Amino acid sequence: MRKHLLEVDDLTPDDVDTLFATAAEMHDVQRRAVKKLPALRGRTVINLFFEDSTRTRSSFEIAGKWLSADTINITGKGSSASKGESLRDTVLTIAAMGVDALVVRHGASGAARRISEWVDASVINAGDGTHEHPTQALLDAYTLTRRLGELGDRHVVLVGDLTHSRVFRSNVRLLRMLGARVTVVAPPTLMPSGVDAWSARDGFATSWDLDAVLPTADAVMMLRVQRERMTGGFFPTAREYTVGYGLTRDRLALLGDTVPVLHPGPMNRGLEIAADAADAAQSLVLDQVSAGVAVRMSVLYHLLAGETA
Ligand code: NCD
């Protein structure tokens with residue numbers, strides 16, 4: 001494994017196998033009454049979050065704690081960043097305290113890479129703007145693999161606000177690395193510019209027609225409509241979005257009751273995913289969350305414990 005995990009391209013297929021094997025062991029630890037392992041005792045992990053987060057931040061914190069690392073959370077709003085301190089000064093200040101890993105979420109694409117150039121600590125990208133979110137892709141693929149087995153030739157359909165989604169960018173790369181067939185579906189206004197060249201290079205399909213694609217899906221991942229990143233009107237009304245691209249009760253019926261449904265969260269219930277779909281037996285939404293802790297334990301372990309642990 002490389003020192004940092006900034007994007008999916010930092011990983012080889014062998015790294016992913018190793019991470020998944022360790023994550024499976026960590027998943028077993030999660031089911032024990034006493035969850036602590038001593039692997040990262042004496043190591044310090046700082047979560048540096050300049051954007052809101054529920055599951056990513058808490059699952060990195062729990063993952064660090066269950067490995068016995070000292071974990072601390074710093075958020076943009078409660079830190080000196082709100083007093084005008086530059087990102088570089090904030091990061092150098094924290095690094096000067098002697099940290100082993102920085103888990104970073106930031107609104108600017110490329111922020112995690114910049115930070116990795118300033119510090120000696122390992123940097124894990126927990127979401128940078130619309131760029132990447134590699135641990136989300138790892139936990140999604142891990143969850144899918146546990147449900148479907150090997151992903152080779154499985155057809156995974158990603159639906160939603162692709163323009164603003166770092167989850168989509170990381171997922172497409174990882175799913176293709178694992179041999180899945182991938183189709184991404186969005187209204188024309190939320191299909192990223194340049195997607196045709198990209199889909200030709202990475203070998204995934206694009207569509208504007210969800211109803212045509214759904215019957216061929218082995219798994220469906222719904223992505224959040226990211227209103228906070230939208231500067232203009234990307235669709236006329238929420239109702240129109242749901243009619244064209246929501247996983248509604250009718251579309252769930254079209255899908256059948258065995259095809260898994262995923263969503264990285266947070267969900268806009270009633271917009272991109274109906275309550276019936278979010279709460280269906282085939283929904284893996286909460287499995288994704290618990291897999292997230294195991295996968296992040298695995299990532300922290302492999303980045304920090306090294307071969308001597
Ligand atoms: C995603 C994110 O923040 O990129 N959420 C997450 O990490 N689980 C997706 C989103 O915000 O829609």
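As the structure is a computational prediction, the values presented were derived from the model and not from experiment. Ligands are counted one by one from 1 in listed order, and the atoms in each one are counted from 1 as well.
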Give the contacting part of R166 toward ligand 1: side chain, backbone, both or neither, where contact means a heavy-atom distance below 4.0 Å. side chain
Suppose I only count heavy atoms of Q136 and a 4.0 Å limit; which atoms of ligand 1 are within that range? 6 (C), 7 (O), 8 (N)
For Q226, counting its heavy atoms only, list the atoms of ligand 1 lying under 4.0 Å from any of them. 10 (C), 11 (O), 12 (O)
Has P264 got any heavy atom lying under 4.0 angstrom from an atom of ligand 1? yes
If you compare G160, S165, G265, S170 by their heavy atoms, the one closest to atom 6 (C) of ligand 1 turns out to be G265
Would you indicate which of R169, R224, Q288 comes nearest to atom 12 (O) of ligand 1 when only heavy atoms are counted? R224
Check ion pair D276-R249 (N to O, under 4.0 angstrom): yes
State plainly whether the residues R173 and E7 are in salt-bridge range, i.e. N to O under 4.0 Å. no
If we number the atoms of ligand 1 from 1 as shown, the ones under 4.0 Å from a heavy atom of V167 are 1 (C), 4 (O), 9 (C)
Going by heavy atoms, is R105 under 4.0 Å from ligand 1? yes
Near T56 (heavy-atom distance under 4.0 Å), the atoms of ligand 1 are 6 (C), 7 (O), 8 (N)
Between H164 and F234, is the ring centroid distance below 6.0 Å? yes
Sequence neighbours excluded, which residues qualify as side-chain hydrogen bond (donor to acceptor under 3.5 Å, both in side chains) partners of R224? E228
Considering the heavy atoms of R55, write down every atom of ligand 1 situated less than 4.0 Å from one of them. 8 (N)
Identity and separation of the nearest protein heavy atom to atom 7 (O) of ligand 1: H133 NE2, 2.8 Å
Donor-acceptor list for residues 250-271 side chains, cut-off 3.5 Å, not counting sequence neighbours:
from, atom 1, to, atom 2, distance (Å)
R251, NE, D211, OD1, 2.7
R251, NH1, T242, O, 3.4
R251, NH1, V243, O, 3.3
R251, NH1, G246, O, 2.6
R251, NH2, D211, OD2, 3.3
R251, NH2, V243, O, 2.6
R251, NH2, G244, O, 3.2
H263, ND1, G265, N, 2.8
H263, NE2, E272, OE2, 2.8
N268, ND2, V225, O, 3.3
N268, ND2, E272, OE1, 3.1
R269, NH1, D279, OD1, 3.4
R269, NH1, D279, OD2, 3.0
R269, NH2, D279, OD1, 2.9

Specify whether F235 and Y241 have parallel, tilted or perpendicular ring planes, treating 30° as the upper limit for parallel and 60° as the lower limit for perpendicular. tilted
Do R105's NZ or CZ and the ring of F49 fall within the cation-pi criteria of under 6.0 Å and 45°? no
Check against side-chain hydrogen bond (donor to acceptor under 3.5 Å, both in side chains), N47 and E61: CA-CA 7 Å; N47 285 331; E61 185 177 357; 5.1 Å; no
